[in-house]
Amino acid sequence: MLIVQKFGGSSVADAEKVRRVAGIIAESYDAGHDMVVVLSAQGDTTDDLLDKAAEINPRPSKRELDMLLSTGEQISIALMAMCLEKMHYPVVSLTGWQIGMRTNSQYGNARIYSISTERIRAELDKRRIVIIAGFQGVNKMEDVTTLGRGGSDTTAVAIAAALHADRCQIFTDVEGVYTADPRKVPGARKLDEITYDEMLELASMGAQVLHNRSVEMAKRYGVNLEVLSSYVRKPGTKVKEVVKQMEEMKISGIAKDHNVARLAVVGVPDEPGRAFRIFRALANKKINVDIILQSYGKNNTNDVSFTVAEDDMEEAKETLLEAQEAIGFDHIDVTTDVCKVSIVGAGMVRSSGIAATMFEALSDAKINIQMISTSEIKVSVLIKDVYADLAVKAIHQKFFGA
Ligand code: ADP
Ligand code: ASP
Ligand code: MG
């Protein structure tokens, strides 16, 4: 079998952990498998590099920032290769450039175009273990790019897809995907299986256990994906197209996202075309809008509120102020002390009252809901961010009794 294994930052944080992971890789290699391994930077290295950059220049260019951030992964792969060498395994470490990981030029959040599999195949043919730096690629100028925080998962899935690997295993510091973050909700349950669609919603709504683009790609290419622990040797969570429901689960999980800001465009004339002008202006700047709410204001005007990622908040505000005359609003209110809490579950389409149960949990906990949005398999609410953990616990208790 051809197996792609990815190990996150905490799994390779120090020498002892590198040795433990090398043991897992060696075990699979000894079983006769072709092994491709993707690594993240050790521990908090990426955050530390960001701090280092800020000390020198608080607003560095994104190109130079990527040049710096990509170094973390290079340290990990070299150390892992050295560890396996010491154990007498044939091994080679490769950077994104060396495997032809081509991306667009969006530094800090680059999209993968293609991977040239030649080098990897040649190394595998020599029965070498191939260790690849996650999170990084190169653009058409041959400059280094990075795929966005948590992007090593996406590297692993992209390589698994390109090589038609039999399995893609994401090893991390928890035993799989849970009904909520197990570090925040002690009663959270591990899921044996979850669908690509549910996992994509959970990841997009803030469950950091998988990078959302890795799930999108796994679905598109039908990658056989599993999330499992690098500490405890037992089956994790399989992410796949359809799952067999052992018991009727109304929802699969709860996620929260603090990277949210709410903008309220106040005093928009109640006429056709005004909402269009607001959201076209934002779309032209590639700013993603999530929950939208329109309510009646005074004197034939509406207030249009919506959420964007907090990182996009300044740009969204500037963009709308530039278009103030065309849109015709009075002013903009901005809030960042908000958080989005979401429940996700494919079972929602089949049962009624799921949203009501979520709102009941929030009502019991005396948490006020500012905005609501729903899709076929998701309900999200916007609440004050200080109540985020309390809300997740209360909702979990209501649905899972723990
Ligand atoms: P890695 O460094 O291995 O990439 P991450 O920190 O990116 O690990 O992701 C693993 C973390 O995701 C866990 O430690 C856990 O706290 C968090 N997490 C959030 N939501 C969930 C969830 N629903 N199931 C499992 N883990 C979750
Ligand atoms: N090292 C990068 C980060 O911390 C990528 C990753 O870990 O997946 O975001
Ligand atoms: Mg991660």
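Both ligands and their constituent atoms are indexed starting at 1 by order of listing. Only this structure's heavy atoms are used, side chains among them; waters, hydrogens and symmetry mates stay out. Throughout, numbering of the chain's residues begins at 1 and tracks the sequence.
Side chain of Thr103 to main chain of Ala110: no donor-acceptor pair is present (N/O by atom type, distance under 3.5 Å, no hydrogens or angles). Using modelled atom types, no side-chain atom of Gln42 and backbone atom of Ser76 make a donor-acceptor pair closer than 3.5 Å.
Checked against a 3.5 angstrom limit, the closest N/O atoms of Gly9 and ligand 1 fall inside it. Between Asp173 and ligand 1, at least one N/O pair is under 3.5 Å apart. Looking at Gly150 next to ligand 2, an N or O pair under 3.5 Å apart turns up. Residue Thr172 has at least one N or O atom closer than 3.5 Å to an N or O atom of ligand 1.
Here Asp181 has heavy atoms under 4.0 Å from ligand 1 in both its backbone and its side chain.
Closest protein heavy atom to atom 7 (O) of ligand 2: Ser40 OG, 3.1 Å. Protein heavy atom at the shortest distance from atom 23 (N) of ligand 1 is Tyr178 O, 3.0 Å. Nearest to atom 4 (O) of ligand 2 among the protein's heavy atoms is Arg149 NH2, 2.9 Å.
Using 4.0 Å as the threshold, Gly176 has a heavy atom nearer than that to some atom of ligand 1. Using a 4.0 Å cutoff on heavy atoms, Ala180 counts as a contact of ligand 1. Contact analysis puts Pro182 in contact with ligand 1, with a non-hydrogen atom separation below 4.0 angstrom.
Applying the 6.0 Å contact sphere to CZ of Phe359 captures more than 12 heavy atoms from other residues, nucleotides or ligands. Shown here is Lys238, whose NZ atom has no more than 12 heavy atoms of other residues, nucleotides or ligands within 6.0 Å.
Shown here are the side-chain hydrogen bond (donor to acceptor under 3.5 Å, both in side chains) partners of Lys86, two or more places apart in sequence or in another chain: there are none.
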For residues 19-37, dump all side-chain donor-acceptor pairs below 3.5 Å to protein atoms at least two apart in sequence or in another chain.
| from | atom 1 | to | atom 2 | distance (Å) |
| --- | --- | --- | --- | --- |
| Glu27 | OE1 | Arg233 | NH1 | 3.3 |
| Glu27 | OE2 | Arg233 | NH2 | 3.4 |
| Ser28 | OG | Gln5 | NE2 | 3.1 |
| Ser28 | OG | Ile24 | O | 3.4 |
| Tyr29 | OH | Arg127 | O | 2.6 |
| Asp30 | OD1 | Tyr89 | OH | 3.1 |
| Asp30 | OD2 | Tyr89 | OH | 2.7 |
| Asp34 | OD1 | Arg127 | NH1 | 3.1 |

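Atom CD1 of Ile383 sits about 8.5 Å away from atom CD1 of Ile369, to the nearest 0.5 Å.
One side chain, Thr146 or Asp66, offers a donor N or O that lies under 3.5 Å from an acceptor on the other.
Distances from atom 14 (O) of ligand 1 to the heavy atoms of Arg183, Arg189, Lys6 show the closest one on Arg183.
Atom numbering of ligand 1 starts at 1 in the shown order; those under 4.0 Å from a heavy atom of Val177 are 24 (N).
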